[in-house]
Protein chains: 2
Amino acid sequence: MAKVTKNDTSTEEKILAAAKQVFMENGLDGARMQDIADRAGINKALLHYYFRSKEKLFERIFMEEAQKFMPKVTTIMLSEMPLFEKIEKFMGEYIDTLSQNPLLANFILNEVSRNPKEMMKKIWGNSRPPIDKVEEHLAKLIKKGEIKPIRAYDLMINMVSLCIFPFIARPMVQWVTKTNDEEFIKMMEQRKKSVVRFVIDSIKK
Amino acid sequence: MAKVTKNDTSTEEKILAAAKQVFMENGLDGARMQDIADRAGINKALLHYYFRSKEKLFERIFMEEAQKFMPKVTTIMLSEMPLFEKIEKFMGEYIDTLSQNPLLANFILNEVSRNPKEMMKKIWGNSRPPIDKVEEHLAKLIKKGEIKPIRAYDLMINMVSLCIFPFIARPMVQWVTKTNDEEFIKMMEQRKKSVVRFVIDSIKK
DNA sequence: GTCTATAACTCGATAGAC
DNA sequence: GTCTATCGAGTTATAGAC
């Protein structure tokens with residue numbers, strides 16, 4: 001309350017912005033505090049003044065980014081839309097998020113690999129992915145003969161794979177397809193449609 | 001020639017085996033020469049005697065592993081099999097390779113991200129992925145009305161995504177599906193069939 | 001070829017002046 | 001809050017004995 005409002009392109013924010021960039025580009029091990037300080041336009045000592053240690057600073061960045069990775073997606077799958085519409089929204093949402101955060105997928109996946117249980121708890125907390133709900137939804141449609149039999153896990157893994165992988169393997173994809181950054185993003189934009197069609201064609205009867 | 005044949009479960013091989021393990025688990029930055037020495041049952045000095053530096057040793061390991069990643073797969077796509085059979089062989093080959101080398105995908109993708117152009121040249125040399133051949137093959141079948149229209153790039157990216165991603169996100173997948181290592185591998189084994197069906201169902205008319 | 005010992009250096013962290 | 005200076009741990013790399 002009441003005028004605690006200090007200048008808000010503050011040092012802390014500069015640090016966070018710099019740290020985000022450096023950690024996402026280099027990972028925890030690869031990142032250098034000196035590098036972060038330089039990009040923030042300050043010195044190392046200040047980093048430790050604001051965030052006690054490298055680990056603590058990293059933790060902060062990781063949590064902020066991890067939130068982006070799971071979120072709306074769960075709500076979509078839990079909603080009451082028709083299945084094909086869910087699929088479209090789900091994959092569109094994922095691809096949009098990654099298009100706007102090019103290094104996000106790599107960053108999360110890497111750090112989760114380093115320390116799976118801890119990180120998964122940090123990301124999901126007490127909640128869990130909405131598999132049961134999807135299972136139900138699929139069961140109904142399979143019974144009605146509207147789609148081919150498929151396990152919920154398989155469908156989810158397939159959708160996520162199709163969305164995320166091209167971003168993880170982005171340097172390879174760009175090398176193979178000879179696209180620059182702009183063209184790559186355009187390609188992903190088109191992919192939103194083609195990949196949804198790919199999934200739906202695969203399961204519909 | 002002539003008796004340069006020295007004992008061949010030699011120190012050098014022990015080092016390479018140890019280095020492979022440590023680098024694949026921790027990446028270039030995370031790996032420690034001490035750790036490699038310990039696992040090889042020797043001391044750090046010897047590492048430098050055989051391979052001048054950490055970088056050089058890493059390079060050696062990276063190249064050996066990278067070879068595994070691309071190879072047979074190209075031959076399959078260039079062969080004269082029917083398309084659906086190609087797809088089956090291609091994806092089966094990929095999943096088998098990754099099942100036997102759990103950390104391979106992560107390792108390669110990470111290090112390629114760190115230095116894309118260099119690494120891609122090291123991996124592919126002068127050759128290129130067999131996109132044109134696939135393009136041709138697809139064009140024929142589309143014309144005959146046997147499959148739906150799809151771009152070769154899209155099909156290739158989709159297939160590779162479906163094969164590789166579950167291994168990259170393995171800790172997440174195992175957490176979500178509550179599977180242990182053994183069950184995960186079994187799951188991937190089943191996936192070989194389900195994922196091939198998924199792709200074929202999607203493109204066949 | 002293999003070892004021990006240590007040099008040379010990098011980097012996160014802290015002390016202390018302003 | 002911000003800076004300079006420096007410490008101290010940890011790591012790669014080398015020297016030199018065997």
Side-chain angles (χ1 to χ4, degrees), chain A residues 2-64 107 110-111 114-115 118-119, chain B residues 1-64 107 110-111 114-115 118:
Chain A
K3 285 272 174 78
V4 191
T5 350
K6 62 194 168 195
N7 167 22
D8 245 343
T9 314
S10 60
T11 306
E12 182 164 342
E13 295 199 352
K14 272 188 248 162
I15 293 176
L16 286 171
K20 173 179 164 179
Q21 212 182 338
V22 174
F23 279 131
M24 301 244 296
E25 279 170 13
N26 305 297
L28 175 55
D29 290 330
R32 297 287 156 253
M33 293 295 265
Q34 184 63 61
D35 198 355
I36 296 174
D38 290 347
R39 291 211 212 186
I42 56 160
N43 57 55
K44 278 190 295 177
L46 257 197
L47 294 181
H48 289 90
Y49 175 78
Y50 279 92
F51 307 86
R52 279 193 56 75
S53 67
K54 184 184 180 183
E55 301 280 341
K56 288 254 194 333
L57 178 53
F58 176 81
E59 174 101 344
R60 170 70 175 271
I61 300 294
F62 180 81
M63 287 314 298
E64 284 184 13
F107 179 63
N110 267 324
E111 302 309 329
R114 188 176 312 285
N115 188 355
E118 280 305 307
M119 295 301 184
Chain B
M1 293 294 115
K3 287 271 174 80
V4 191
T5 349
K6 63 194 166 193
N7 166 21
D8 245 344
T9 314
S10 60
T11 306
E12 182 163 342
E13 296 199 350
K14 274 188 247 161
I15 293 177
L16 286 172
K20 172 179 163 179
Q21 212 182 338
V22 174
F23 279 131
M24 302 244 295
E25 278 169 13
N26 305 297
L28 174 56
D29 291 328
R32 297 287 157 252
M33 293 295 264
Q34 184 63 61
D35 199 356
I36 297 175
D38 290 347
R39 291 209 213 187
I42 55 160
N43 57 55
K44 282 186 292 177
L46 258 197
L47 294 180
H48 288 91
Y49 174 78
Y50 279 92
F51 307 86
R52 280 193 54 76
S53 67
K54 184 184 180 182
E55 301 279 343
K56 289 254 194 332
L57 177 53
F58 176 82
E59 174 101 344
R60 169 71 176 271
I61 300 294
F62 179 81
M63 287 313 299
E64 285 185 13
F107 180 64
N110 266 325
E111 302 308 329
R114 190 177 310 285
N115 188 355
E118 281 304 307

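Bear in mind that the values here come from a model prediction, so they are computed numbers and not experimental data.
Of the candidates D/dT4, D/dT12, C/dA13, D/dT4 carries the atom nearest the A/Asn43 side chain, counting heavy atoms from C-beta on. For B/Met33, whose side chain is taken as the heavy atoms from C-beta onward, the closest listed nucleotide among C/dT2, D/dT14, D/dT12 is D/dT12.
Residue contacts for B/Leu47: at a heavy-atom cut-off of 4.0 Å it reaches no nucleic acid atom on any strand shown. B/Ala37 comes within 4.0 angstrom of nothing in the nucleic acid, heavy atoms only.
Considering only side-chain N and O atoms, A/Arg32 lies under 4.0 angstrom from the phosphate OP1 or OP2 of C/dG12. Look at B/Arg52 and you'll find a side-chain N or O under 4.0 angstrom from OP1 or OP2 of D/dT14. Phosphate proximity of D/dT14 to B/His48: absent, as no side-chain N or O sits under 4.0 Å from OP1 or OP2.
Going from atom CG of A/Asn26 over to atom CZ of A/Phe107 covers 10.5 Å, rounded to the nearest 0.5 Å.
Between the CZ atom of B/Phe23 and the C1' atom of D/dT12 there is a distance of 11 Å, rounded to whole Å. Distance, A/Lys14 NZ to D/dG1 P: 13 Å, rounded to whole Å. Between the CG atom of A/Leu46 and the P atom of D/dT2 there is a distance of 5 Å, given to the nearest Å. Rounded to whole angstrom, the span from the CD atom of B/Gln34 across to the P atom of D/dT14 amounts to 16 Å. Taking atom CD1 of residue A/Ile15 and atom C1' of nucleotide D/dT2, one finds them 11 Å apart after rounding to whole Å. Summarising the geometry, the separation between NZ on A/Lys44 and P on C/dT10 is reported as 12 Å, rounded to the nearest angstrom. Computed from coordinates, the B/Leu28 CG to D/dT12 P distance equals 10 Å when rounded to whole Å. In this structure, B/Lys56 atom NZ and D/dT12 atom P are separated by 16 Å, rounded to whole Å.
Contact detail for B/Ile36 and B/Ala18: the closest heavy-atom pair is O-CB, 3.6 Å. Summarising the geometry of B/Lys14 relative to B/Thr9, their closest heavy-atom pair is CE-O, 3.9 Å, with the distance given to 0.1 Å.
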Evaluate side-chain contact (heavy atoms from CB on, under 4.5 Å) for B/Tyr50 paired with B/Lys56, printing each intermediate quantity in order.
CA-CA 10 Å; B/Tyr50 279 92; B/Lys56 289 254 194 332; over 6 Å; no
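Of the two residues near DNA chain D, B/Ser53 and A/Tyr50, the one whose nearest nucleotide lies more 5' is A/Tyr50.
Counting only residues at least two apart or on different chains, no salt bridge (charged side-chain N to carboxylate O under 4.0 Å, His left out) pair has a member in residues 43-53 of chain B.
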